[in-house]
Amino acid sequence: MHFFKYRADELYAEEVPVKKLAEKYGTPLYVYSYNTLLRHFKAYTDAFNGHPHIICFAIKSNSNTAILRLFAKNGGGADIVSGGELYVALKAGMKPEKIVYAGVGKTEDEIRFALRSKILMFNVESEDELRGIDRVAGRIKRRAPVALRINPDIDPETHPYIATGLRRHKFGIPIEEALEYYRLASKLKNINVIGIHTHIGSQITRVSPFVDALKRILLLIDKLSIQGVKIDYLDVGGGLGISYRDEEPPVPKDLARNLIPLLNGRKLTLIMEPGRSIAGNAGILVTKTLYLKKAEEKEFIIVDAGMNDLIRPSLYGAYHHLLPVVRKKRDTVLCDVVGPICESSDFLATERELSRVKQGEYLAVMGAGAYGFSMSSNYNSRPRAAEVLVKGRGHFLIRKRETFSDLIRKEKIPAFLK
Ligand SMILES: *Cc1c(COP(=O)(O)O)cnc(C)c1O
């Protein structure tokens, strides 16, 4: 459920016509709905209310500090995957004791920064990393709180690029080797084993992969307990899907109904790392039609948002609904909606039946709130888009549009070329 709806034939973000935002702030433009973000966040906290838990928003899905502040103010934490994300999380006001840190390639500098910041725990993905964290912690006389990321070998039945929990993936530790790893971790002087972590993939549209993964992890926790390893934090990752097209994914309440009974009688604090299911449908990308071009078999609608603004269609073949910002009664046309970037893979939609649009009219790319702006780039020397947060009748610029001078701000011409 989100708050981007037509009133008569105009698309609104909460109480504000999207066209008004496009005219005021320019395009391409990311527009987020405050009340949708809050509602999606609260769907998690309400569903898991009866059980000790922390909702650690996956910052890689949307790292705007205004949006992170919204979650922080409502008791949320962060799932981070880099030193940069830790910096952003802290700047946004996230409490370090609600920050968990995953990723297969943490550097020494990043580990030191996280230790000094006193984050809740490192989700460790390999033996080398475990020893590396132990070493850095020893050097600065800290004990590193650690969970091991276990790969439960569950098929999440999602796109191969966003599945992470199978044996062949680079993520985590194979579940068969988990006991050995925990034994090693317990022996390391500067490591404090407190948790277990798993994250099986993204855009998962059924409950059963989560249940299967949790069952495997709980068996492992029992084995660990026999060996004297006590687990306090059970981090089940993120990955709940959203409706991009016609999917009907479970909601947090469905997850809670299936997962909480399995946790009865256990003293485990549950951690969840949702990204897409909170931010995805809470944001749209607004783009303007530049040109129309007729080819033999279809038409091209050329818009001012490209793959540098939203890469999901190009990268994953992802589907996003495209809606006219002002609906007209016109016939439909089979078309590709493409951006201005010099790549054939620069499209927002292919072979799409859309109501005809005219030059200068706006389209809304729905479901762009997660892995939209955060994956955007300056490719083709395009300044990145502006971001606006809408709350009721209010609208607030939360990231200025980049300028041309931003494009070369960090560059230097060596003296011998001057
Ligand atoms: C990407 C990621 C998430 C968030 O996934 P969503 O599908 O956006 O919910 C959570 N945890 C980890 C470790 C991740 O890599």
Side-chain angles (χ1 to χ4, degrees), residues 37 40-41 43-44 47 53-64 67-68 71 76-82 84-86 89 98-106 114 119-126 129 146-152 154 156-166 169-173 195-207 209-210 213-214 217 233-244 247 249-252 254-255 259 270-283 312 315-316 318 367-375:
L37 289 163
H40 289 173
F41 180 78
Y44 274 96
H53 69 273
I54 311 174
I55 306 299
C56 294
F57 178 70
I59 292 194
K60 73 173 191 282
S61 68
N62 189 316
S63 57
N64 187 292
I67 288 173
L68 301 182
F71 300 135
D79 160 45
I80 60 166
V81 292
S82 72
E85 286 192 352
L86 176 53
K98 289 185 178 177
I99 295 178
V100 293
Y101 186 0
V104 296
K106 304 174 187 82
I119 64 163
L120 176 60
M121 65 185 188
F122 292 87
N123 291 333
V124 174
E125 311 228 11
S126 67
E129 184 195 329
V146 154
L148 296 185
R149 175 170 180 173
I150 303 303
N151 189 336
I154 295 282
E157 299 165 32
T158 183
H159 189 284
Y161 283 13
I162 49 177
T164 55
L166 285 169
H169 295 128
K170 71 173 177 180
F171 300 99
I173 292 155
I196 196 161
H197 175 234
T198 187
H199 170 74
I200 54 175
S202 205
Q203 184 55 13
I204 301 168
T205 51
R206 299 194 314 130
V207 169
F210 291 104
L214 181 59
I217 295 294
Y233 293 93
L234 167 60
D235 183 343
V236 296
L240 197 59
I242 63 170
S243 182
Y244 284 110
E247 303 92 331
V251 294
D254 303 319
L255 265 194
L259 299 189
L270 189 64
I271 297 175
M272 270 160 293
E273 308 172 334
R276 189 190 312 271
S277 53
I278 289 181
N281 284 330
R312 291 183 22 80
L315 187 60
Y316 312 120
Y371 307 103
F373 187 90
S374 68
M375 289 180 105

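On a predicted model such as this, the values are computed, not experimentally measured, just so you know. The analysis underlying the following values was restricted to heavy atoms, covering all of them including side chains, and did not include hydrogens, waters or symmetry mates. Remember, it's 1-based here, ligands and their atoms both numbered in the order they're listed.
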Could you please spell out the steps behind the side-chain contact (heavy atoms from CB on, under 4.5 Å) verdict for Leu214 and Leu234? CA-CA 9 Å; Leu214 181 59; Leu234 167 60; 3.6 Å; yes
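- Taking distance alone, with nitrogen or oxygen atoms compared against 3.5 Å, Gly237 stays at or beyond that limit from ligand 1.
- Of the candidates Arg276, His199, Arg149, the one placing a heavy atom closest to atom 3 (C) of ligand 1 is His199.
- If you number the atoms of ligand 1 from 1 as listed, the ones under 4.0 Å from a heavy atom of Tyr371 come out as 1 (C), 4 (C), 5 (O), 6 (P), 8 (O).
- Taking every heavy atom of Ala58 and a limit of under 4.0 angstrom, the matching atoms of ligand 1 come to 3 (C), 4 (C).
- Distance alone, capped at 3.5 Å, places no donor-acceptor pair between the Glu273 side chain and the Cys56 backbone.
- Listed here is the closest heavy atom pair of Tyr316 and Met375: OH-CE, 3.4 Å.
- Here is the list of ligand 1 atoms found below 4.0 Å of a heavy atom in Pro274: 9 (O).
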Output, in order, the C-alpha distance, side-chain angles, deciding distance and verdict of salt bridge (charged side-chain N to carboxylate O under 4.0 Å, His left out) for Glu85 and Lys60. CA-CA 8 Å; Glu85 286 192 352; Lys60 73 173 191 282; over 6 Å; no
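- Of the protein's non-hydrogen atoms, the one nearest atom 7 (O) of ligand 1 is Ser202 OG, 2.2 Å.
- For ligand 1, the atoms closer than 4.0 angstrom to any heavy atom of Glu273 are 3 (C), 4 (C), 9 (O), 10 (C), 11 (N), 12 (C), 13 (C).
- Side-chain N or O atoms of Arg276 include none that pairs as donor or acceptor with a backbone N or O of Ile242 at under 3.5 Å.
- Taking 4.0 Å as the cut-off, Phe171 does not count as a neighbour of ligand 1 on heavy-atom distance.
- Every N/O-N/O distance between Ser277 and ligand 1 stays at or above 3.5 Å.
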Check the pair His40, Asn281 against side-chain contact (heavy atoms from CB on, under 4.5 Å), reporting the backbone distance first and the verdict last. CA-CA 9 Å; His40 289 173; Asn281 284 330; 4.2 Å; yes
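- Not close to ligand 1: Ala370, with no non-hydrogen atom less than 4.0 angstrom away.
- Using modelled atom types, no side-chain atom of Ser277 and backbone atom of Pro274 make a donor-acceptor pair closer than 3.5 Å.
- A cation-pi arrangement is absent between Lys106 and Phe122, since the terminal nitrogen or guanidinium carbon is not both under 6.0 Å from the aromatic centre and inside a 45° cone about the axis.
- Less than 4.0 angstrom separates some heavy atom of Gly275 from each of these atoms of ligand 1: 6 (P), 8 (O), 9 (O).
- In this structure, the protein non-hydrogen atom closest to atom 15 (O) of ligand 1 is Lys60 NZ, 2.7 Å.
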